[in-house]
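Report on one structure; see the data block that follows.
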2 protein chains.
Amino acid sequence: MSAITGGAASVPRTRDRESTEAMLISAARSVLAEVGFQGLGINTVARRAGCDKQLIYRYFGGLDGLVEALGTSLSADLATALPKVGEPAATYADLMQRLARGLLAVLRNDELLQRIIVWELAEPSVLLTKLNASRSKALNSWMAAQRGDLVPPAGVDAPAVNAVIIAAVQHMAISARAKGDFAGLALETDDHWHRLQATIDDMIQQVYRPR
Amino acid sequence: MSAITGGAASVPRTRDRESTEAMLISAARSVLAEVGFQGLGINTVARRAGCDKQLIYRYFGGLDGLVEALGTSLSADLATALPKVGEPAATYADLMQRLARGLLAVLRNDELLQRIIVWELAEPSVLLTKLNASRSKALNSWMAAQRGDLVPPAGVDAPAVNAVIIAAVQHMAISARAKGDFAGLALETDDHWHRLQATIDDMIQQVYRPR
DNA sequence: GCACAATGTCACCGACCGGTGATATACAGT
DNA sequence: ACTGTATATCACCGGTCGGTGACATTGTGC
């Protein structure tokens, strides 16, 4: 008896650090994906993982460490999510078209990624910056693998153009989840997205056409 | 004396409801602009306004009402911030170019507006949706005033193109404040922005050129 | 069998949050 | 001058947060 300490009611965990860490990371993922970064706190994550928050401090040194671990586990995902190399692109425009399409497809159904991007926009920090860096690194290596020796036409500021394209894709993907539309353009069904994608394709082809 | 109640230490306010409301709205503005929506709470705003939080409940019915009031005061600002009508645009491309430039200029130095956009992306709600609506209404009426009878070239999906442009502008303006760059493109000095603006101009001209 | 570390859980702390009732104080109508 | 009301402030509540120290349980090496 001896009372006080609950006794047999609470079954302790499996006593396996690795799997516990994995559970915590997974819990952080789902919390972030479902409620966004505002709801990502020590207590919430621990509750969702079904273990004590103390373990977050012990194993990750706090929430920051946990997010960092989440980040590394995430950049691996992005690398595999981008489409595999198939036919080499014929023109630089085709190359960028592929990138835009791939990015749009990945972003559209990765709610977690959307949340993280918003997070970076909302409260920049060294931690979030690192997440961003590892993500764009993955993107760059994908580009390098696809590019071959294609070069943009002379007279076009390719880095700026590509930044514009990527910015647009990111913003619309995020807006679509948050609000269902953007600038009067409904973004709910696949048809809407195809229309948008056709437009982006067109813009890329136009700006990157030889001239 | 009866003690307890502080006594003379706290000088009550000027006892002018209008000016107090204005102070609260102004406080909400500055809090939002400086720390973002995460820090926008009853206590914070009241503290910054230098009055009691009770007044927020009395005059605005709570934080939502205050934000709503802030919103109306804000859409008025946006209307005056957009550039006045000058020479009518020669082509539809020129028209959109003007819009893009105006929007970019406004967004770049309106931190409050940037924060609100991020807010809408992070946690959509009826309130935020209303803010968005009133903002795009202001944008539309500006467009209507400028357009005259210009029409986009046949075969171009103008709404989609414009959505892409606006999305890109918004995203880059926000990213610039949050992180100082975007997709490897530094966005700190005016020169960087001019380069970006030239690119956007070019893209608009290319996609909207007659064909 | 016994010390010892690793793992897991609990109880508690101070701080802040949103929200509300009660209480002063100024002012306006009579 | 008296009363009523709008204005402003304070004190307090329950709840949640991040963070920490203490405790229980399991396994390991000797």
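Protein chains get the first letters and strands the later ones, always in sequence-line order, with residue 1 at the start of each.
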Short of 4.0 Å, heavy atom to strand atom, which residues of residues 33-45 of chain A count as contacting DNA chain C? none
Could you check how far CZ of B/R47 sits from P of D/dC10, rounded to whole Å? 13 Å
Using atom types as modelled and distance alone, determine if a side-chain donor or acceptor of B/T129 lies under 3.5 Å from a backbone N or O of B/S125. yes
The helix from C/dG1-D/dC30 to C/dT30-D/dA1: angle between terminal helix axes, five bp per end, to the nearest 10 degrees, reads 10°
Could you list the donor-acceptor pairs under 3.5 angstrom formed by side chains in residues 160-188 of chain A, with sequence neighbours left out?
unit_1	atom_1	unit_2	atom_2	d
A/N162	OD1	A/Y208	OH	2.7
A/N162	ND2	A/Y92	OH	3.2
A/N162	ND2	A/A158	O	3.4
A/Q170	OE1	B/H171	NE2	3.0
A/H171	ND1	B/H171	ND1	3.1
A/H171	NE2	B/Q170	OE1	3.0
A/S175	OG	A/H171	O	2.9
A/R177	NE	A/Q114	OE1	3.0
A/R177	NH2	B/L121	O	3.3

Hey, could you give me the CD1/CG distance between A/I204 and A/D94, rounded to the nearest 0.5 Å? 9.5 Å
Between C1' of D/dG18 and CG of A/L55, the distance in whole Å: 15 Å
So, using side chain to side chain contact (heavy atoms under 4.5 Å, CB included) as the criterion, who are the partners of A/D201 when residues are at least two apart? A/Q97, A/R101, A/Q197
Whole-Å distance, B/I56 CD1 to D/dT7 P, equals 16 Å
Nearest heavy atom decides the nucleotide; on that basis, is A/R58 or B/D52 closer to the 5' end of DNA chain C? A/R58
Test: side-chain hydrogen bond (donor to acceptor under 3.5 Å, both in side chains). Region: residues 74-86 of chain A. Which pairs qualify, not counting sequence neighbours? A/R29-A/D77
Residues that A/N140 engages under side chain to side chain contact (heavy atoms under 4.5 Å, CB included), provided they are two or more places apart: none
Side chain to side chain contact (heavy atoms under 4.5 Å, CB included) partners for B/A27, two or more places apart: B/V45, B/R48, B/A49
Hey, could you give me each pair passing ring pair (Phe, Tyr, Trp, His ring centres under 6.0 Å) that has a residue in residues 98-139 of chain A? Not counting sequence neighbours. A/F37-A/W119
Nearest nucleotide by nearest heavy atom, which residue falls closer to the 5' end of DNA chain C, B/Q54 or A/K53? A/K53
Listed by chain and number, what are the side chain to side chain contact (heavy atoms under 4.5 Å, CB included) partners of B/D202, not counting sequence neighbours? A/V207, A/R211, B/Q206
Toward the 5' end of DNA chain D, by each residue's nearest nucleotide, A/G62 or B/R17: B/R17
Presence of A/Y59 side-chain N/O under 4.0 Å of C/dG8 phosphate oxygens OP1/OP2: yes
Check the distance between C/dT9's P and A/Y57's OH and give it to me in whole angstrom. 16 Å
The complete set of side-chain hydrogen bond (donor to acceptor under 3.5 Å, both in side chains) pairs with one or both residues in residues 57-70 of chain B, sequence neighbours excluded, reads B/E68-B/K130
Across all chains, not counting sequence neighbours, the side-chain hydrogen bond (donor to acceptor under 3.5 Å, both in side chains) partners of A/N109 are none
Reckon B/T20 has a side-chain N or O less than 4.0 Å from the OP1 or OP2 of D/dT7? no
Atom pairs, N/O to N/O, protein against nucleotides 27-30 of chain C, distance under 3.5 Å?
none

Roughly how many Å is it from CD in B/E21 to C1' in D/dA8, rounded to a whole number? 14 Å
